[in-house]
Amino acid sequence: MGGICGWTGCEMADTESRALLDKMNEPIIRYDSRPVQKLIGKKSALAVSGHPDSVHTYQDQGIIIGISGHIRFNNIQTGQHSDHRNKARIFLENWLVNGEKALTSIAGEFTLGIIDENNDRCLLAVDRMGTKSLVCHANGEHLVFSTSLDAIIRHPQAEPQIDAQNIFNYVYFHMIPSPGTIYKKQHRLLPGEYLTFKNREAKTEYYWTPSFEEAGTRSFKDLKNELRTLLRSSIQDAVGNETAGAFLSGGTDSSTIAGILGEVTGQPAATYSIGFDAKGYDEMEYARIAARHFSTRHHEYYVTPDDVVTAVPDIAAVFDQPFGNASAIPAFFCARMAKADGITRLLGGDGGDELFGGNERYAKQYLFSLYSHLSPFLREKILEPWAESVSGKQLPLPFRKAYRFIEQAAIPMPARMNTYNLLVRHGISSVFTTDFLASIDTTLPDTLNDQTYHQINARSLVNKMLAYDWKFTLADNDLPKVVHACELAQIDVAFPLISDEMVAFSTQLRPNYKVKKPDYGIFSKKR
């Protein structure tokens, strides 16, 4: 899969810089034998590795630039035959004129680093959805950065110190939410964020944040046609010149990709599914239905307990910090099957739910939100006092459902989404010692949730939840899961449903096109 690493502010001999770059690159290329491009300055260095089409570098007169990813340009003149020009140089020319605004001119998934030794400045950035991580360690005169924490801690200026706060955050979230990492003073850029390092000071800003247009007037028919066009173009772009296949769970997102992949390539798509021989957990039949419908070349594998025992050490090793999403296991076995079949790039359906409201929880939270439309007197003087005065478990069924609804609906967002949190339910004191809890801020997860949710530029509940999930569900969880699983299997991965164009389309949809009003009553069973 490759990535980037580098530093600025550390003056050393050329041979020392190359040796240190080699050392930092070891964890990045351990599953990838493709060559590394190295750029060495007087007190800076940068290396980029990966698929030849995703490595873009340029160096000239004290400036170094490296981009890892599949990028294209928007709204800038790149000259004739721009596809054959150095993309790193094209971006650099734009940046020298327009500064950080140049970041709005590129689309696609990327991590980017520019070091300008002439003006003692550095720029780091990631794409709008944070497809790959980029971590930095700023220490006085020095800045060390990489797509891999394991690479950063090999630099002498970035000695690793475990962050107790993020151990707690990990147990709370089952991953470490950005910008935090498992190490102190090492921070991950957020989606759509860039970092500047100048005059020994590191600053972060957003070059892009989602803005939702919720009063759209376009007809449903027009939007439907545009969506179909975007799906085809996004999947075609994701395929590129590779031999592509697709993950297939049988859900709407992966099934859509499988079907359109066959259309754009002109041949049945190669699809890959994992099953579990456990009642209630095996969804293979859904994948088979989709495979039959789209006439895919379908491949299946049932993961056994022995498979898990064998694979977990390798899967754990490919992650550079604690990560608790068990779906990394089936993702790896899918990717390994595809690799063995000669597939060079897998397409994942990640992001479809988060762009178009496909998860049941969005409708569920809409249902809870109806409670706020009741009069304050009814809520605060009658319903909530009643719910506090009774024991829900001892109530007859209809009143028990009413009790549970009031209990959850009275909790404001986004805290209401975390009422099922395992750590909260068990109690933090049952997991952590008193001394440990005294050394951290136990309210920080709630603070991170609130900050993310309330800074979103949207009025509707569903759009606030979607943008919230773009960080916590996608950038911090699902994307690293699939990216690292494919890295271990030594196969490229792409996510066409979160292309910049698909994201922009999602932000223009009216909320009721994403989550319709449920067709069942508050206290009745779903029909």
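- In terms of the side chain to side chain contact (heavy atoms under 4.5 Å, CB included) criterion, residue partners of Arg218 (sequence neighbours excluded) are, by chain and number, Asp222, Leu223, Glu226, Gln508.
- For residues 245-258, there are no salt bridge (Lys or Arg N to Asp or Glu O under 4.0 Å) pairs, not counting sequence neighbours.
- Evaluation of the salt bridge (Lys or Arg N to Asp or Glu O under 4.0 Å) test over residues 260-278, restricted to residues two or more places apart or in two chains, returns Arg232-Glu263.
- Applying the salt bridge (charged side-chain N to carboxylate O under 4.0 Å, His left out) rule to Asp22 yields the partners Lys38; only residues at least two apart in sequence or on another chain are considered.
- For residues 253-280, the ring pair (Phe, Tyr, Trp, His ring centres under 6.0 Å) pairs, not counting sequence neighbours, are Tyr272-His299.
- Annotation: ring-ring contact (aromatic ring centres under 6.0 Å, His included) contacts of Phe212 (sequence neighbours excluded): Trp470.
- In this structure His298 satisfies the ring-ring contact (aromatic ring centres under 6.0 Å, His included) test with no other residue, sequence neighbours excluded.
- Screening residues 219-256 for ring pair (Phe, Tyr, Trp, His ring centres under 6.0 Å), with sequence neighbours left out, gives Phe220-Tyr513.
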Name each donor-acceptor pair under 3.5 Å that joins a side chain in residues 315-322 to protein atoms two or more places apart or in another chain, with its distance.
from, atom 1, to, atom 2, distance (Å)
Asp320, OD2, Leu149, N, 2.8
Gln321, OE1, Ile182, N, 3.0

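- Every residue was checked against the side chain to side chain donor-acceptor pair (under 3.5 Å) condition with Ser148, not counting sequence neighbours, and none meets it.
- In this view, Phe495 satisfies the ring-ring contact (aromatic ring centres under 6.0 Å, His included) rule with no residue, not counting sequence neighbours.
- Heavy-atom minimum distance, Glu100 versus Tyr194: CG-CE1, 3.2 Å.
- For Tyr301, the ring-ring contact (aromatic ring centres under 6.0 Å, His included) partners at least two apart in sequence or on another chain are Phe333.
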